[in-house]
K.L.:
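Mind having a look at this structure? Questions to follow.
Below, read A as the first sequence line, B as the second, and so on, with proteins coming before strands; counting in each chain starts at 1. Atoms considered below: every heavy atom in the structure, side chains included; atoms not considered: hydrogens, waters and symmetry mates.
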Amino acid sequence: MSAGGGGRPAFGQKSAEIVVAALFLLLGAIVVYDSVRLGARWGSDGPQAGYFPFYIALFVCVASAVNLVVALVKKGEDRAFVEVGQLKLVLSVLVPSFIYVALIAAMGIYVASAIFVAFFMRWLGKYPWWKVAAVSIGNSVAFFLIFEMWFKVPLPKGWFERLLGLD
Amino acid sequence: MDEIQSLLHGFAIALSFKNLALMFVGIILGVIIGVLPGLGGANGVAILLPLTFSMSPTSAIIMLSCIYWGALFGGAITSILFNIPGEPWSVATTFDGYPLAQKGRAGEALTAAFTSSFVGALVAVILITFLSPVVASFALEFGPPEFFAVYLLTFCAFVGMSKEPPFKTLASMMLGFALAAVGTDPVTGALRLTFGSTHLLTGFDFLVAVIGLFGIGEILLTLEEGLAFK
């Protein structure tokens with residue numbers, strides 16, 4: 001089914017459910033913490049700022065605690081959540097995407113997009129260099145024209161645009 | 001029946017050749033705008049407003065309303081074909097439209113979405129034409145408690161009708177509420193859950209959540225199923 005790697009399970013359904021339930025519990029706890037900081041009571045002039053999020057987060061916490069317990073005590077055969085080969089494929093896109101997002105903050109969206117597209121075309125697509133350059137640069141130029149020129153939507157820009165005097 | 005007379009008068013104006021052509025153009029532009037994620041009916045009307053500057057007021061209204069209707073339907077196209085809802089109101093179309101498309105029956109799903117849009121719009125227009133005086137008096141009594149009751153019913157239905165265990169649905173749904181609470185509190189003006197970040201002042205945009213959850217999630221799922229790089 002998967003293109004590369006083994007059909008070995010990377011981790012099972014059970015551990016995935018435990019991790020997700022724990023993450024939800026953590027997120028719920030963060031919301032509860034901030035709501036209590038703001039005041040989650042009924043003040044003299046109505047509900048305080050944290051009133052609604054506090055009870056919402058209580059729901060999140062209780063529901064994910066139940067999920068956590070259910071996942072922990074669940075018996076029976078543990079199905080594979082994701083296989084090693086599948087996980088490699090997913091990570092091969094997910095990790096560059098994270099780097100892309102970090103690059104947007106550092107050098108603006110247009111340069112980062114050009115690098116991102118070029119990287120994927122060269123690394124996974126194995127296209128010749130002239131095609132890589134044409135598509136990645138053309139893509140950024142087209143988006144620059146559409147968003148900055150025609151729709152007047154300012155997107156994050158970096159040193160490159162400043163160098164060209166476009167920012 | 002004053003309404004019928006007004007309606008027929010309206011049709012007489014709308015059914016001229018020029019206005020029919022404008023409807024055609026408006027619907028096509030609207031569908032294009034609806035397909036683009038993030039551009040909804042209201043944005044589309046706003047962006048294409050300059051097109052109508054040279055028209056008569058009636059033609060302009062006809063064209064803009066057609067753009068709006070077209071965008072309403074266009075949102076269903078991406079929901080069915082890519083499982084990415086273009087607009088908030090086409091999220092429900094992904095539930096059964098996308099599975100149909102996966103079975104190779106995308107045409108049927110699109111036809112069903114279009115037909116139901118058409119029937120719904122027609123019924124709504126007829127209802128509004130004849131019932132708006134009655135509805136107007138009733139609408140004033142539809143206050144916060146009634147809205148709360150309707151929303152509560154909606155979200156209880158989510159928990160009840162989901163195929164997943166109810167507590168998982170509850171946890172994800174409530175996390176969605178918590179995400180919506182990020183930003184400036186509309187009542188007191190206090191900053192909720194921003195933790196000092198200026199980017200979170202306005203909260204999480206619906207579009208960001210949809211592209212992240214549906215768009216990127218769908219791409220990763222496609223990869224996992226090994227459909228790419230072959």
Side-chain angles (χ1 to χ4, degrees), chain A residues 1-4 17 20-21 23-25 27-28 30-35 37-39 43 45-71 81-83 85-94 97 120 124-126 150-152, chain B residues 33 36 38-39 43-44 46-48 50 144 148 155 159 164-197 199-200 203 208 211-212 215-230:
Chain A
M1 186 160 136
S2 54
E17 284 191 16
V20 170
L23 273 178
F24 268 68
L25 200 59
L27 285 172
I30 292 173
V31 178
V32 166
Y33 166 78
D34 201 57
S35 304
R37 184 183 63 82
L38 285 166
D45 54 345
Q48 291 176 314
Y51 187 81
F52 176 72
F54 175 75
Y55 286 98
I56 288 300
L58 271 193
F59 270 110
V60 176
C61 289
V62 171
S64 43
V66 172
N67 286 336
L68 190 62
V69 172
V70 168
F81 182 70
V82 62
E83 290 163 4
Q86 292 174 331
L87 189 66
K88 270 186 195 155
L89 272 176
V90 170
L91 286 182
S92 70
V93 171
L94 199 58
S97 304
F120 269 111
L124 294 171
K126 310 267 191 295
W150 297 329
F151 281 180
K152 305 274 183 214
Chain B
I33 285 190
L36 295 172
L39 284 180
N43 303 8
I47 289 173
L48 296 177
F148 181 79
F155 292 110
V159 176
E164 298 294 321
F167 278 102
K168 283 186 185 168
T169 315
L170 190 67
S172 344
M173 214 166 68
M174 290 300 153
L175 195 67
F177 275 114
L179 283 183
V182 172
T184 318
D185 175 20
V187 180
T188 62
L191 295 180
R192 295 196 288 212
L193 296 165
T194 54
F195 299 104
S197 158
H199 291 294
L200 288 179
V208 174
I211 294 293
I216 297 183
E218 195 61 34
I219 291 171
L220 294 179
L221 196 67
T222 311
L223 280 172
E224 192 186 308
E225 287 164 359
L227 295 176
F229 312 140
K230 279 186 180 167

K.L.:
So which residue, Leu94(A), Asn67(A), Val82(A), ends up with the most heavy-atom pairs under 4.5 Å with chain B?
P.N.:
Asn67(A)

K.L.:
What distance do Ser64(A) atom OG and Leu170(B) atom CG have between them, rounded to the nearest 0.5 Å?
P.N.:
9.5 Å

K.L.:
Is Ala181(B) close to chain A through its backbone or its side chain, or both, or neither, when contacts mean heavy atoms under 4.5 Å?
P.N.:
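Contact with chain A: side chain only.
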
K.L.:
Considering all heavy atoms of both residues, which atom of Ala63(A) and which atom of Phe167(B) are nearest to each other, and what is their separation?
P.N.:
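Smallest heavy-atom distance, with atoms named: CB-O, 3.6 Å.
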
K.L.:
Please report the closest heavy-atom contact between Ala190(B) and Leu38(A), naming both atoms and the distance.
P.N.:
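Closest approach of Ala190(B) to Leu38(A): CB-CD2, 4.2 Å.
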
K.L.:
Heavy-atom distances under 4.5 Å only: say whether Ile56(A) touches chain B with side chain, backbone, both or neither.
P.N.:
both

K.L.:
Out of curiosity, Asp185(B) CG to Tyr51(A) OH, how far, rounded to the nearest 0.5 Å?
P.N.:
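One finds 13.5 Å between CG of Asp185(B) and OH of Tyr51(A).
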
K.L.:
What part of Ile216(B) is in contact with chain A, defined as an atom under 4.5 angstrom from a non-hydrogen atom: side chain, backbone, both or neither?
P.N.:
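Contact with chain A is absent: no heavy atom of Ile216(B) under 4.5 Å.
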
K.L.:
Please identify, among Val66(A), Val62(A), Leu27(A), Leu25(A), the residue contributing the most non-hydrogen atom pairs under 4.5 Å to chain B.
P.N.:
Val66(A)

K.L.:
Which residues satisfy the side-chain contact (heavy atoms from CB on, under 4.5 Å) test with Leu200(B), sequence neighbours excluded?
P.N.:
Val182(B), Thr194(B), Ser197(B), Phe204(B)

K.L.:
Which one of Tyr55(A), Tyr33(A), Phe52(A), Phe59(A) has the most heavy-atom pairs closer than 4.5 Å to chain B?
P.N.:
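The candidate making the most pairs under 4.5 Å is Phe59(A).
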
K.L.:
Quick one: closest heavy-atom pair of Asp34(A) and Leu193(B), and the distance?
P.N.:
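Asp34(A) and Leu193(B) have their closest heavy atoms at OD2-N, 2.6 Å.
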
K.L.:
Under the side chain to side chain donor-acceptor pair (under 3.5 Å) definition, can you give me all pairs with a residue in residues 167-180 of chain B, not counting sequence neighbours?
P.N.:
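Found Glu17(A)-Lys168(B), Ser162(B)-Thr169(B).
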
K.L.:
Looking only at non-hydrogen atoms, find the nearest pair between Met174(B) and Val60(A) and report the distance.
P.N.:
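For Met174(B) and Val60(A), the tightest heavy-atom pair comes out as CB-CG2, 3.3 Å.
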
K.L.:
Return the CD to CG distance between Gln86(A) and Leu220(B), rounded to the nearest 0.5 Å.
P.N.:
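If we round to the nearest 0.5 Å, Gln86(A):CD and Leu220(B):CG are 12.0 Å apart.
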
K.L.:
Do other residues, nucleotides or ligands put more than 12 heavy atoms under 6.0 Å from Phe195(B) CZ?
P.N.:
yes

